[in-house]
Amino acid sequence: MERPVITIAELPDHEGRDVTIRGWVYNWRKKGKIRFVILRDGFGYLQCVVFRPEVDETVWEAAVALTQESSVEITGTVVADERAPGGFELKVSGIVPVQVAPEYPLGKKEHGVDFLLNHRHLWLRSRRQHAILRVRAELEQAIRDFFHSRRYTLIDSPILTPAACEGTSTLFETDYFGDRAYLSQSGQLYLEPAAAAFGKVYCFGPTFRAEKSKTRRHLTEFWMVEPEVAWLRFDGLLDLIEEFMTEIVSRVLDRCAEDLDRLERDISLLEPATRRPYPRMDYADAIAALAERGHPAEFGDDFGGDEETVLASLHDRPVMVTRYPAHIKAFYMQPDADDPTRALAVDVLAPEGYGEIIGGSERIDSHELLERRIAEHGLPREAFEWYLDVRRYGSFPHSGFGMGIERCTAWLCGIHHAREAIPYPRTINRLYP
RNA sequence: UCCGGAGUAGCUCAAUGGUAGAGCGGGUGGCUGUUAACCACUAGGUUGGGGGUUCAAGUCCCUCCUCCGGAGCCA
């Protein structure tokens with residue numbers, strides 16, 4: 001019979017048969033006349049056993065020459081064996097080295113953060129990074145499916161923009177044929193006109209913030225998904241967030257069990273987030289709750305990382321903090337009809353200290369009020385004429401939110417730092433590789 | 001930007017102001033079932049850069065650089 005070329009994921013369907021697998025040497029061990037080559041192919045790991053008395057001497061020599069991360073084509077018989085990680089191993093009959101790698105920089109033991117990040121392009125090959133980025137990929141697909149199945153239209157927002165969205169201090173500036181351009185820090189302003197065109201829209205892409213933040217929650221380039229919905233009011237927005245969060249968390253738990261297990265993630269800490277409702281906490285109540293627990297905060301303060309962690313720890317699932325003071329929130333947020341000093345804004349705080357993963361609000365739909373807010377915030381009116389047009393031609397109530405993919409991924413994976421939740425992290429001190 | 005911490009072998013780290021070491025990785029050899037295998041031997045250093053104190057500096061002082069953690073800001 002033909003020897004099929006298969007992936008390691010397909011092994012169980014080929015027990016007892018001869019197959020060929022292409023991959024990279026993850027590790028190897030030798031013991032006299034036996035060599036164990038641990039092969040990885042992106043779909044799994046496979047122990048390949050080379051027994052000198054049973055193979056051609058050329059095959060043995062090829063096995064001996066293999067180094068860590070050499071690329072190779074290995075042929076053999078799939079056998080079930082309890083001693084093999086994964087339950088199956090390959091009894092090798094042939095080895096075709098594709099490229100024998102020189103000494104590999106990443107060892108089997110610990111490395112420092114800087115070293116690993118300098119070798120991010122190789123670090124991706126490790127089991128842990130593999131698991132994290134598969135969770136990220138599943139999360140992203142879950143998000144797209146959530147919106148697509150509900151007839152949202154994907155609107156790709158521009159990366160190069162002429163003006164600040166929420167202020168100028170944290171923007172990356174670049175030359176644009178003699179003019180100034182900025183890298184987008186949110187697609188939201190471009191989504192609002194699109195919501196008038198399509199009703200329900202979302203964007204999903206990279207955003208850029210030139211903040212000199214050096215914490216485990218910050219990147220200068222991060223991915224954000226932002227839905228914007230026409231006719232949606234604040235309470236409906238909270239419902240949407242709940243529906244969204246429970247669905248995507250369920251999806252990841254359902255499909256990434258193996259990866260989360262590899263990451264030693266305590267699933268029981270995520271399961272409550274698959275169930276509605278999420279607690280909704282008024283900003284004023286949040287301030288009171290903080291004071292009770294020895295974290296005094298003035299009414300009007302925004303919360304720092306510690307405060308967020310305290311608030312999140314009050315519940316077993318993400319908590320929605322609502323109706324922040326208007327002056328600490330963005331200029332476009334709709335004031336609360338009952339108290340105009342407050343904005344119809346919501347932050348979703350993830351459990352376990354992962355911080356704010358979602359920020360959202362109802363948007364101002366009054367042309368006059370929006371005009372005033374732009375002036376109050378010292379923003380250049382002429383740059384926002386197109387944005388004001390949304391309120392000039394058929395204004396409508398609408399709401400939306402943004403979720404940071406890396407923070408959400410970090411939370412789901414239970415990893416310490418957001419930089420591991422993106423393939424090639426960009427931070428204040430890192431632009432390589 | 002501010003506060004704190006750290007820079008020693010390819011990597012992770014030791015080293016009272018007094019001869020710079022170990023583990024891993026590399027090389028050589030041994031072993032028929034290893035699970036980050038093990039055992040033996042072996043090569044490998046301008047102690048981040050510059051200046052200073054001292055008989056003597058990896059160690060103390062000054063300065064610069066790089067990185068890490070946190071604050072502010074934010075997803």
Side-chain angles (χ1 to χ4, degrees), chain A residues 26-38 45-54 64 67-69 79 81-87 89 91 101-119 122-123 126-128 165-171 185-188 204-226 301-308 328-330 346-350 354-360 401-411 416-419 421-422 427-430 432:
Chain A
Y26 183 73
N27 192 12
W28 57 269
R29 293 179 280 273
K30 57 173 183 158
K31 184 166 175 69
K33 296 188 173 69
I34 290 189
R35 288 183 91 90
F36 301 96
V37 176
I38 314 301
Y45 299 81
L46 171 63
Q47 172 162 287
C48 304
V49 185
V50 189
F51 187 37
R52 193 171 186 177
E54 294 181 359
V64 168
T67 56
Q68 189 183 0
E69 290 303 328
V79 293
D81 193 313
E82 282 180 1
R83 294 168 295 187
E89 64 182 20
K91 197 176 172 194
E103 187 183 341
Y104 191 62
L106 270 55
K108 287 181 263 184
K109 294 215 171 175
E110 295 147 29
H111 292 291
V113 170
D114 192 43
F115 179 82
L116 286 171
L117 288 172
N118 278 327
H119 296 83
L122 302 177
W123 192 20
S126 79
R127 290 174 125 118
R128 176 183 160 86
C165 171
E166 302 181 19
T168 52
S169 61
T170 63
L171 290 164
Q185 55 179 356
S186 165
Q188 183 207 315
F204 196 169
T207 52
F208 308 87
R209 308 242 171 127
E211 292 156 5
K212 296 188 174 178
S213 302
K214 288 189 285 187
T215 81
R216 64 200 192 95
R217 301 187 307 280
H218 286 87
L219 301 167
T220 54
E221 177 180 310
F222 66 96
W223 283 62
M224 191 153 65
V225 58
E226 297 173 277
D301 288 351
D302 208 347
F303 303 127
D306 287 349
E307 284 80 23
E308 289 180 354
I328 58 172
K329 287 293 179 184
V346 56
D347 281 356
V348 177
L349 308 179
Y354 285 93
E356 181 187 345
I357 54 172
I358 284 180
F401 68 86
M403 185 181 80
I405 299 304
E406 290 75 18
R407 283 191 187 175
C408 189
T409 302
W411 166 54
H416 181 255
H417 205 297
R419 66 185 162 218
I422 187 168
T427 61
I428 179 170
N429 288 320
R430 179 160 301 279
Y432 176 94

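Just so it is clear: chains get the letters A, B, ... in the order the sequence lines come, proteins before strands, and each one is counted from 1. Predicted model only: the values in this text are computed from it and were never measured.
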Under 3.5 Å, side chain of [X] to main-chain N/O of [Y], donor-acceptor pair present?
X	Y	answer
A:Arg407	A:Tyr354	no
A:Thr67	A:Pro102	no
A:Thr215	A:Arg217	yes

key: A:Phe222-B:A75 aromatic stacking (under 5.5 Å, under 30°)   =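 Aromatic stack with B:A75 present for A:Phe222.
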B:C74 base / A:Arg407 side chain donor-acceptor hit below 3.5 Å =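 Checked by distance alone, the answer is yes.
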task = Examine the base of B:C73 for any acceptor or donor lying under 3.5 Å from a partner atom in the side chain of A:Ser213, and report the outcome as yes or no.
result =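 Indeed there is one.
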ask   = Reckon A:Ile34 touches a base, only the sugar-phosphate, or nothing at all at heavy-atom distances under 4.0 Å?
value =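 Touches a base.
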task = Just call it for A:Asp81: base, sugar-phosphate, or nothing, with non-hydrogen atoms closer than 4.0 Å on any strand.
result =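 Base, at least one base heavy atom under 4.0 Å.
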Side chain of [X] (C-beta onward), nearest among [options]:
X	options	answer
A:Arg217	B:G72, B:C73, B:C67	B:C73
A:Pro53	B:U32, B:G69, B:C73	B:U32
A:Arg209	B:C74, B:U32, B:C68	B:C74
A:Lys31	B:U32, B:U1, B:A75	B:U32
A:Thr170	B:C73, B:U32, B:C74	B:C73

Can you check the [X] [atom1] to [N] [atom2] distance for me, whole Å?
X	N	atom1	atom2	result
A:His416	B:C68	NE2	C1'	11 Å
A:Lys214	B:U1	NZ	P	9 Å
A:Asp302	B:G72	CG	P	10 Å
A:His417	B:A75	NE2	C1'	14 Å
A:Glu89	B:U34	CD	C1'	10 Å

query = Nucleotide by nucleotide, 5' to 3', does protein get under 4.0 Å of the base (B), only the sugar-phosphate (S), or neither (-) in nucleotides 7-13 of chain B, counting heavy atoms?
reply = ----SS-
Upstream residue (5' side of RNA chain B) when A:Glu82 and A:Arg430 are each assigned their closest nucleotide =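 The residue mapped nearer the 5' terminus is A:Glu82.
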query = Passes side chain to side chain contact (heavy atoms under 4.5 Å, CB included), A:Lys91 versus A:Glu54? Steps please.
reply = CA-CA 10 Å; A:Lys91 197 176 172 194; A:Glu54 294 181 359; 3.3 Å; yes
task = Heavy atoms only: give me the nearest A:Glu221-A:Ile422 pair and the separation to one decimal.
result =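 The pair with the smallest heavy-atom distance is O-CD1, 3.8 Å.
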